[in-house]
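Below, chains carry the letters A, B, ... as their sequence lines are ordered, and counting in each starts from 1. Bear in mind the structure is a predicted one, so any value in this text is a computation, not a measurement.
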Amino acid sequence: MSQKDLEGFFQGFLKKESFFINKKALQSSYMPETINHREKEIKQLANILAPSLRNDKPSNIFLYGKPGAGKTLTVKHIIKNILSVAKQSSVNLNFLYLNCKLRKISDTEYRIIAQLGRELGRTIPTTGLPTEEVYKMFSDAIENKGGIIIFVLDEIDQLVKKVGDEILYNLTRMNEELKKTQIGIIGISNDLKFADNLDPRVRSSLSEEKISFSPYDAIQLQAILKERCILAFKEGILEEGLIEKCSAFAASDGGDARRCLELMRVAGEIAERNNEPMLKIKHLDEAEEKIERDMVFETVLAQPKQFQAVMYSILSISKGNSYIFTGDVYNIYKTLCIKAGLRPLTQRRLTDIVAELDMLGIINTKVISKGRYGRTKQITVSLHEVVIDKIKRSLEDVLEI
DNA sequence: AGGTATTCACATGAAACTATTCTCTGAGTTAGG
DNA sequence: TAACTCAGAGAATAGTTTCATGTGAATACCTGT
């Protein structure tokens, strides 16, 4: 492209009318003014939290429901409102929101406590101190703050999975030692069965109150989507039936509103880039594929080399036949390591890596028994042939083979 | 034929080990009075 | 003498290895008919 062409391109881009008025309305961080279809939950939550305005410690709350059911949004909405009231009547009420899914922060008990402490305005070194010391600093910080502090632990199941429930026990017990401050906990979890395998003491004190969020049904999704689309898109751009299709699709996939909105946004971006006059249903299909592809690409390339080597091994034998077993993968992997100059890991470690790849949603695994011929993990890769090839090629680059 | 025992090829768990990162401490060093 | 520096001690984590134990069902092996 010559310089003139490029300039022309940008000129054209500027002149071209965008599909979007406000793309933010379709992003998951968007906070609408009012939240629909969650009235019951909002009311419940508000009822439980209200006493905190009179300086009484509210019950600990446990929220659970599938992803994209509006849990986080609802909580944030309520926090916003209750805080503004608290401010007006100068009540000392504080919320601390922590998303436990973000690595780096939540891999260990130490880090979480340190992070919470930092949010309270303490400087706590990332390592070097005994955990007990950090606890001390933390409770000190709390005591200094006074009033009521409520910790919102989003994706709390991830936290427990990684560091165990001891930290929750300590948090719930902390009130006994605090004089000026009371703390409450709001736990948010995607995993419905999560509470079952908690320490009974923690379970009972954490879930003094429970609120469950049922997934949105197709009609609710449709309403939400429509509402956001009006904000996000220009008028008359959406093809007839598009919103219905999108929401029906998301509803059949677990009622995840976040994904539903993302699908719409990406479809819009695709259509816009292709200079299409309208946003059509076929763009939804493209968007779905793109979202998946991007997700896989991103996660795979963000993994350490050993993971990538394992991934490459799996991909290279996944062609055509659908069943791959751990033993096969390990053999391929070993020769691959020699070629790529990596130190081969043990098979034990490989099974863990495979399990982690499964967790990331890049591959699917299932433990099966082949009777006399042993027990193994059946690995399937449910990706498009084209996508597999692309990933393989970029992995070859990264691994230098 | 029907029932039981074996056996395979890993899965799954626990513990221990290694390398690395980070802060803190205190001895040694330096500069100024 | 106070301030500064810097190596080494401690604490903690990530990523593994080692050792030990578990497991589902296709087969091999009996048993009695």
Side-chain angles (χ1 to χ4, degrees), chain A residues 98 100-118 120-141 157-167 170-171 191 193 196-199 299-314 317-318 321-338 340-360 362-381 398-399:
Chain A
L98 183 71
C100 309
K101 199 173 69 181
L102 304 172
R103 281 197 157 186
K104 296 288 172 202
I105 297 176
S106 62
D107 271 4
T108 65
E109 191 177 357
Y110 181 100
R111 285 194 187 165
I112 289 173
I113 298 297
Q115 180 62 28
L116 288 173
R118 273 184 221 119
L120 288 165
R122 282 293 174 105
T123 46
I124 298 179
T126 46
T127 169
L129 295 178
T131 309
E132 210 176 316
E133 194 69 22
V134 183
Y135 263 108
K136 216 178 276 168
M137 293 172 85
F138 174 60
S139 66
D140 233 45
D157 46 329
Q158 301 282 327
L159 185 154
V160 172
K161 195 152 66 192
K162 267 185 266 176
V163 304
D165 49 13
E166 200 172 319
I167 179 170
N170 287 336
L171 277 179
D191 185 357
K193 293 175 301 180
D196 295 350
N197 30 27
L198 277 179
D199 185 317
T299 22
V300 168
L301 293 180
Q303 298 306 316
K305 274 200 173 177
Q306 292 286 3
F307 278 59
Q308 293 174 341
V310 174
M311 191 67 206
Y312 186 83
S313 314
I314 293 172
I317 42 174
S318 81
N321 73 330
S322 42
Y323 299 130
I324 311 164
F325 303 110
T326 307
D328 306 338
V329 175
Y330 190 58
N331 287 334
I332 302 257
Y333 162 79
K334 267 196 295 193
T335 51
L336 177 72
C337 278
I338 294 165
L342 286 169
R343 193 173 56 90
L345 303 173
T346 50
Q347 182 155 334
R348 177 69 186 81
R349 180 60 186 141
L350 186 113
T351 63
D352 278 350
I353 292 180
V354 169
E356 281 178 60
L357 289 173
D358 181 25
M359 283 268 301
L360 289 167
I362 310 175
I363 58 176
N364 296 304
T365 67
K366 191 172 142 197
V367 179
I368 57 152
S369 175
K370 294 193 287 176
R372 192 72 218 283
Y373 305 105
R375 222 163 94 93
T376 183
K377 219 175 228 173
Q378 199 180 66
I379 304 169
T380 44
V381 185
V398 180
L399 295 169

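Per the geometry, CZ belonging to A:F307 stands 7 Å off P belonging to C:dG15, to the nearest Å. Rounded to whole Å, atom P of B:dC8 lies 18 Å from atom CD1 of A:I368. Between the OH atom of A:Y330 and the P atom of B:dA11 there is a distance of 12 Å, rounded to whole Å. Rounded to an integer number of Å, the gap from CD of A:Q378 to P of B:dA11 is 12 Å. Atom CG in A:D352 sits roughly 15 Å away from atom P in C:dT18 (whole-Å rounding). Atom-to-atom, CD of A:Q347 to C1' of B:dA11 comes out at 10 Å; the value is rounded to the nearest Å. In this structure, the CD atom of A:Q303 is 14 Å from the C1' atom of C:dA14, given to the nearest Å. To the nearest angstrom, C1' of C:dT16 lies 14 Å from CG of A:L342.
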Item to check | Steps toward side-chain contact (heavy atoms from CB on, under 4.5 Å) verdict (A:Q378, A:V367) | outcome: CA-CA 6 Å; A:Q378 199 180 66; A:V367 179; over 6 Å; no
Next on the checklist: The test is side-chain hydrogen bond (donor to acceptor under 3.5 Å, both in side chains); show your working for A:Y333 and A:Q306 and say whether it passes.
Outcome noted: CA-CA 10 Å; A:Y333 162 79; A:Q306 292 286 3; 2.6 Å; yes
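For A:K377, a side-chain nitrogen or oxygen approaches OP1 or OP2 of B:dT12 to under 4.0 Å. Residue A:T346 has no polar side-chain atom (N or O) positioned under 4.0 Å from OP1 or OP2 of C:dT18.
Within the nucleic acid shown, A:T326 comes within 4.0 Å of sugar-phosphate atoms alone, with no base atom in reach, counting heavy atoms only.
Relative to the side chain of A:Y373, the nucleotides C:dT27, C:dT16, B:dT12 differ in distance, and C:dT27 lies closest. Considering only the side chain of A:R348, B:dA14 comes nearest among B:dC10, B:dA14, B:dA11.
Take the nearest nucleotide of DNA chain C for A:R375 and for A:K370: the residue whose nucleotide is more 5' is A:R375. Between A:G371 and A:V367, it is A:G371 whose nearest contact on DNA chain B lies nearer the 5' terminus.
Residues A:L342 and A:A309 share a closest heavy-atom pair of CD1-CB, 4.1 Å. Across all their heavy atoms, A:Q303 and A:Q308 have their closest contact at O-NE2, 3.2 Å.
Checked by atom type and distance alone, the side chain of A:Y323 never pairs as donor or acceptor with a backbone atom of A:S318 at under 3.5 Å.
Not a single donor-acceptor contact under 3.5 angstrom links the side-chain atoms of A:R372 to the base of C:dG24.
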